Structures are given as structure tokens and as C-alpha cells.
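What follows is a single structure, written as C-alpha cells, with notes after it.
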Amino acid sequence: MSFIKNKTKKGILATSLTLILVATGAAIGGTYSLFSGSSSASTHITTGNLAFSFKRVKLESKVLGETGLLEDEVDESVVDLTTTGLQAFTATNAVPGVSYETTFSLKNLGTTAFKSSISVIDPVGKDSEDLDISYLLDCFKITMTIDSRTTSFLLSEIDGVNSTLNLGNSLVNSEKTFTVKTEFLSTSDNRAQNCSLTYSLSLNALQILSE
């Protein structure tokens with residue numbers, strides 16, 4: 001009984017040694033690696049913007065006064081035309097000989113320089129019966145000026161070229177002014193009575209990278 005017990009203990013021990021040797025052999029046979037490391041860095045980009053203010057800063061008019069004669073008027077109230085629904089000016093009781101000269105301010109509020117232009121677009125003349133009429137467009141002359149450069153045309157002559165004034169380049173924080181004058185020609189006849197007229201000014205700006 002005692003002999004069997006001792007033999008059993010030796011068998012357990014031998015088995016244990018075998019397992020240890022196998023495990024050791026596996027460790028010895030493994031592949032060694034050199035030290036290594038890694039690092040990373042994030043990149044954050046914030047984009048700039050093209051932004052500007054477009055305001056009416058003065059309106060000089062020659063209009064009918066209370067006596068029925070033409071009088072000069074000056075309105076220096078500032079109108080922010082980037083606000084939806086506001087107009088450069090509204091004229092009522094216009095007759096041949098009246099004129100409206102509007103001074104506009106354009107300021108670069110963004111982070112990039114841009115070039116810009118101003119265009120007259122979408123003129124529409126209507127009579128008292130709300131019918132489109134072309135004659136009325138012949139009665140109004142538009143003159144656009146910046147510095148020493150000027151372009152003039154009748155509303156009936158708009159073609160996208162002569163009705164556009166190049167305003168040049170605007171650097172960041174720079175400001176410039178230009179004028180748009182609307183004249184009701186004194187050569188107009190009775191066909192222009194009891195009518196209405198609308199047209200739009202389109203300011204276009206495009207980023208530039210160099211002058």
C-alpha cells in the first residue's frame with residue numbers, strides 16, 4: 001500500500017516537471033522584439049469667410065415740392081441693404097426732370113480680399129392697367145460712378161455689359177463708395193403718365209488671392 005502511494009507521488013512530480021519544461025521550452029523558442037513607440041498629432045483648420053456690408057449712406061434727389069416745382073432734397077439716413085426687404089429708395093409722384101442719386105458704401109468685413117461689381121437687372125415698367133410697356137424703360141437713364149469711372153445707359157438698353165460697373169478690389173477692412181443716379185428724362189411724353197417702374201441692383205463679390 002505504501003509502495004503504490006510513493007510511486008503515485010513520483011508520477012505526479014514527473015508530470016509536473018514535464019509541463020514546466022514544455023512551458024520553458026516555449027518561452028525559449030519565442031521571437032524577441034526591439035523597443036518601439038508611436039505618437040500622433042491632430043490638425044485643426046478653421047476656414048475664413050467672405051463678408052461685406054452694403055449700405056445706402058446718402059440720397060440726393062430732385063423732386064416735386066409742395067408748390068409743384070422741382071426742389072433739391074438730401075437724405076443722409078443710413079439704410080443697411082443686406083437686410084431683407086429694404087430698398088435703396090422709393091419714389092412717388094415722379095415726373096420728367098426728377099432724379100435720384102444714391103451713394104452706396106461697400107466695406108469688406110470678412111477675412112479674404114474680393115473683387116466686386118454692381119449691375120442693374122430686371123427692369124419692369126407697367127401702366128395703370130398693369131400691362132408691361134417698353135416705352136417707360138426708354139424714359140429712365142442710369143449712371144453708375146466710382147472714382148473716375150462711369151457707365152451710363154437707358155433701362156431699355158440693359159445687356160449685362162454696359163449695365164455693370166466694376167468696383168475693383170476690396171482688401172480686408174477697406175471701404176469704398178460709389179453712386180447710382182436715376183434720371184426721368186425731360187424728353188418723356190404723356191405715355192409715361194400713371195405708370196410704375198421697378199429695377200434691381202445686384203452686387204456681386206468674388207474672392208481674389210492676389211491683386
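All values below were derived from every heavy atom in this structure, side-chain atoms included, with hydrogens, water molecules and symmetry-related copies excluded. Remember, it's a predicted structure, so these values are computed and weren't measured experimentally.
Using a 4.5 Å heavy-atom cutoff, the side chains of Tyr199 and Val120 are in contact. Side-chain contact check for Leu64 versus Leu70: some heavy-atom pair is nearer than 4.5 Å. Counting heavy atoms from C-beta outward, Ser152 and Thr150 have side chains that approach closer than 4.5 Å.
Summarising the local packing, NZ of Lys141 is surrounded by 12 or fewer heavy atoms from other residues, nucleotides or ligands at distances under 6.0 Å.
Note on Asp80 versus Lys55: no salt bridge recorded, every NZ/NE/NH1/NH2 to OD/OE distance being 4.0 Å or above.
At least one test fails for Arg56 against the ring of Phe104: distance under 6.0 Å to the centre or angle within 45° of the axis.
Between Asp72 atom CG and Ser99 atom OG the span is 8.0 Å, to the nearest 0.5 Å. Taken to the nearest 0.5 Å, the CZ atom of Phe140 stands 5.0 Å off from the CG atom of Leu197.
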Under 3.5 Å, sequence neighbours excluded: what are the donor-acceptor pairs made by side chains of residues 201-211?
unit_1 : atom_1 : unit_2 : atom_2 : d
Ser202 : OG     : Asn204 : ND2    : 3.4
Gln207 : NE2    : Thr112 : OG1    : 3.4

Quick one, Ser156 with Asp138, criterion side chain to side chain donor-acceptor pair (under 3.5 Å). Give me CA distance, side-chain angles, the key distance, then yes/no. CA-CA 5 Å; Ser156 59; Asp138 289 328; 2.5 Å; yes
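Residues that satisfy the side chain to side chain donor-acceptor pair (under 3.5 Å) test with Ser105, not counting sequence neighbours, are Glu175.
Contact between Ser119 and Thr164 at its shortest, heavy atoms only, is OG-OG1, 2.7 Å. Closest heavy-atom contact between Thr102 and Phe89: OG1-CD2, 3.5 Å. Between Glu71 and Glu66 the shortest heavy-atom distance is OE2-N, 4.3 Å.
The hydrophobic side chain of Val78 is isolated, with no ILVMFWY side chain under 4.5 Å apart from it.
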